[in-house]
Asks: 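Encoded as structure tokens, here's the structure I'll be asking about.
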Amino acid sequence: MLGIIQSELLKMRHTFSIKMIILAPLVTLLLGYLLSGSHVQLSTYNWWYFMILPLVVSLCSASMIAREKKSGMQNIVFLPIRFDKIWLGKTAALVILLFVTNLFLWIAATVAGMAASAAVSPLDGLIGCMLLFLTYLWQIPVIMQLVCFMGYMKAVFVSLAANIILSAVCAEKEWFLFVPYAIPARVVCPFFKMHVNGIPLEDASPLLSAGYVLPAVMVSLVFALAVFWGGSKLFSRGGWAHE
């Protein structure tokens with residue numbers, strides 16, 4: 001499995017996806033500065049989880065399968081490796097990239113906070129970024145499978161629209177646990193201390209309570225395990241052949 005993961009990362013080394021892992025946090029930081037000036041840190045975190053991170057996950061995950069489909073899957077069909085292992089290796093490579101881009105965003109936002117007006121402590125920022133990493137995991141295999149069934153552009157559009165709309169509408173509802181797309185924006189509220197729309201939370205806001213964070217993360221991880229396993233089985237049975 002380690003060899004498959006290394007191979008997938010090597011295949012991506014000259015692609016836009018790998019560049020985006022570093023460029024996206026920097027673009028988010030620049031956007032936060034242009035829009036909010038000295039409050040760049042708070043704005044950066046908000047733009048990151050609300051729009052930029054969903055875009056990064058969607059594009060990288062979709063590109064992983066779209067690249068193979070362009071060659072008719074010839075790069076993998078003749079390999080003496082089970083398709084489910086190839087699928088899991090691809091998803092694992094994307095998991096690593098998801099971790100790296102969130103970590104880099106935290107570093108950039110923390111440095112910006114030290115240089116301007118820090119609204120989020122380094123520890124809270126790190127916890128928030130790691131929560132985003134954990135609660136976005138399930139989307140990787142879902143987007144990859146969407147590409148198999150509907151193609152690259154449709155899959156990216158559906159994923160991005162679902163993230164933006166459902167997080168905006170459902171994240172602050174009591175029943176947010178039933179909407180996986182809403183969980184990331186909700187679990188970071190106690191740490192980034194802002195509403196989904198970027199407005200700072202009131203001192204007495206119930207969203208500052210971290211009591212719901214662990215259950216929400218567990219729901220996301222259980223769902224991630226289910227779709228990782230289900231996606232590997234579907235892929236091994238020729239699920240990639242659909243359009």
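Bear in mind that the values here come from a model prediction, so they are computed numbers and not experimental data.
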Asks: Would you sort out whether Ile22 and Phe104 count as a side-chain contact (heavy atoms from CB on, under 4.5 Å), showing the intermediate values?
Replies: CA-CA 7 Å; Ile22 301 300; Phe104 192 71; 3.7 Å; yes
Asks: So, do Gln139 and Tyr181 sit near enough that their side-chain heavy atoms are less than 4.5 Å apart?
Replies: yes
Asks: Starting from Met153, can I reach Ile143 by hopping between I/L/V/M/F/W/Y residues whose side chains sit under 4.5 Å apart?
Replies: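 Yes; tracing contacts between hydrophobic side chains, which count when under 4.5 Å, links both residues.
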Asks: Do you reckon Trp175 sits in the same ILVMFWY cluster as Val196, going by side-chain contacts under 4.5 Å, direct or chained?
Replies: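 Both belong to a single hydrophobic cluster.
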Asks: Hey, could you give me the OG/OH distance between Ser63 and Tyr152, rounded to the nearest 0.5 Å?
Replies: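 Rounded to the nearest 0.5 Å, the OG-OH separation comes out at 3.5 Å.
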Asks: Look at atom CD1 of Ile165 and say whether more than 12 heavy atoms of other residues, nucleotides or ligands are closer to it than 6.0 Å.
Replies: no
Asks: Within the 4.5 Å heavy-atom criterion, are Pro190 and Tyr212 side-chain neighbours or not?
Replies: yes
Asks: Could you give the distance from CG (Leu208) to CD (Glu202), rounded to the nearest 0.5 Å?
Replies: 8.0 Å
Asks: Can you name the closest pair of heavy atoms from Val187 and Ala216 and give their distance?
Replies: CG1-CB, 3.5 Å
Asks: Is there a path of hydrophobic side-chain contacts, each under 4.5 Å between heavy atoms, that joins Leu225 and Phe223?
Replies: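 No, Leu225 does not connect to Phe223 through the hydrophobic network.
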Asks: With rounding to the nearest 0.5 angstrom, report the OG1 to CE distance, Thr101 to Met20.
Replies: 8.5 Å
Asks: Do you know the tightest heavy-atom contact between Trp138 and Ala224?
Replies: CB-CA, 3.6 Å
Asks: Of all heavy-atom pairs between Thr28 and Ala24, which one has the smallest distance, and what is that distance?
Replies: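 For Thr28 and Ala24, the tightest heavy-atom pair comes out as OG1-O, 2.7 Å.
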Asks: Using every non-hydrogen atom in the two residues, find where Val95 and Phe133 come nearest and quote the distance to one decimal.
Replies: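 The answer is O-CE1, 3.4 Å.
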Asks: Would you indicate whether the side-chain heavy atoms of Ile65 and Lys90 approach each other to under 4.5 Å?
Replies: yes
Asks: To the closest 0.5 Å, what do you measure between CG (Leu29) and CD1 (Ile52)?
Replies: 11.5 Å
Asks: Kindly say whether Leu88 contributes a backbone atom to a donor-acceptor pair with the side chain of Thr91 at under 3.5 angstrom?
Replies: yes
Asks: Would a 4.5 Å heavy-atom cut-off, applied to side chains only, mark Thr110 and Val120 as touching?
Replies: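 No. Closest side-chain heavy atoms not under 4.5 Å.
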Asks: Just wondering, more than 12 heavy atoms not from Lys19 lying within 6.0 Å of its NZ?
Replies: yes
Asks: side-chain contact (heavy atoms from CB on, under 4.5 Å) for Leu126 and Leu103? Distances and angles first, verdict last.
Replies: CA-CA 8 Å; Leu126 179 60; Leu103 184 62; 4.3 Å; yes
Asks: Start with the C-alpha distance between Trp48 and Asn102, add both sets of side-chain angles, then the distance that settles side-chain contact (heavy atoms from CB on, under 4.5 Å), and finish with yes or no.
Replies: CA-CA 9 Å; Trp48 179 247; Asn102 275 290; 3.0 Å; yes
Asks: For the CZ atom of Phe50 and the CE atom of Met194, what is their distance to the nearest 0.5 Å?
Replies: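 Those atoms lie 12.5 Å apart.
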Asks: With no hydrogens and no angle check, is any side-chain donor or acceptor of Arg186 less than 3.5 Å from a backbone partner on Lys173?
Replies: yes
Asks: Between Leu134 and Ser220, is a side-chain contact (heavy atoms from CB on, under 4.5 Å) present by the stated rule, with each step listed?
Replies: CA-CA 7 Å; Leu134 293 174; Ser220 288; over 6 Å; no
Asks: Are Ile96 and Phe99 in one and the same hydrophobic cluster, where Ile, Leu, Val, Met, Phe, Trp and Tyr link if side-chain heavy atoms are under 4.5 Å apart?
Replies: yes
Asks: Are Leu131 and Val213 close enough that some pair of their side-chain heavy atoms sits under 4.5 Å apart?
Replies: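 Side-chain contact under 4.5 Å: yes.
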Asks: Is the closest side-chain heavy-atom distance between Pro184 and Tyr49 below 4.5 Å?
Replies: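 With C-beta onward as the side chain, the pair stays apart.
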Asks: Can we call the ring centroids of Trp106 and Tyr45 under 6.0 Å apart?
Replies: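 Between Trp106 and Tyr45, the centre distance exceeds or equals 6.0 Å.
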Asks: Are Ser159 and Val57 side-chain neighbours, meaning at least one heavy-atom pair lies under 4.5 Å?
Replies: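 Result no, sub-4.5 Å side-chain heavy-atom pair not found.
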Asks: Do you know the tightest heavy-atom contact between Leu42 and Pro200?
Replies: CD2-CG, 4.1 Å
Asks: Are side-chain heavy atoms of Trp47 and Leu35 found at a separation under 4.5 Å?
Replies: yes
Asks: Any idea which heavy atoms bring Ser167 and Ala185 closest together, and the distance?
Replies: CB-CB, 4.0 Å
Asks: Ignoring hydrogens and geometry, is there a side-chain-to-backbone donor-acceptor pair from Ser17 to Cys60 under 3.5 Å?
Replies: no
Asks: Taking atom CG of Leu221 and atom CG of Leu137, what is their separation to the nearest 0.5 Å?
Replies: 6.5 Å
Asks: If two hydrophobic side chains count as joined below 4.5 Å and joins carry through other members, does Val27 share a cluster with Leu105?
Replies: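 No, it is not one cluster - the side chains of Val27 and Leu105 are not joined through contacts under 4.5 Å.
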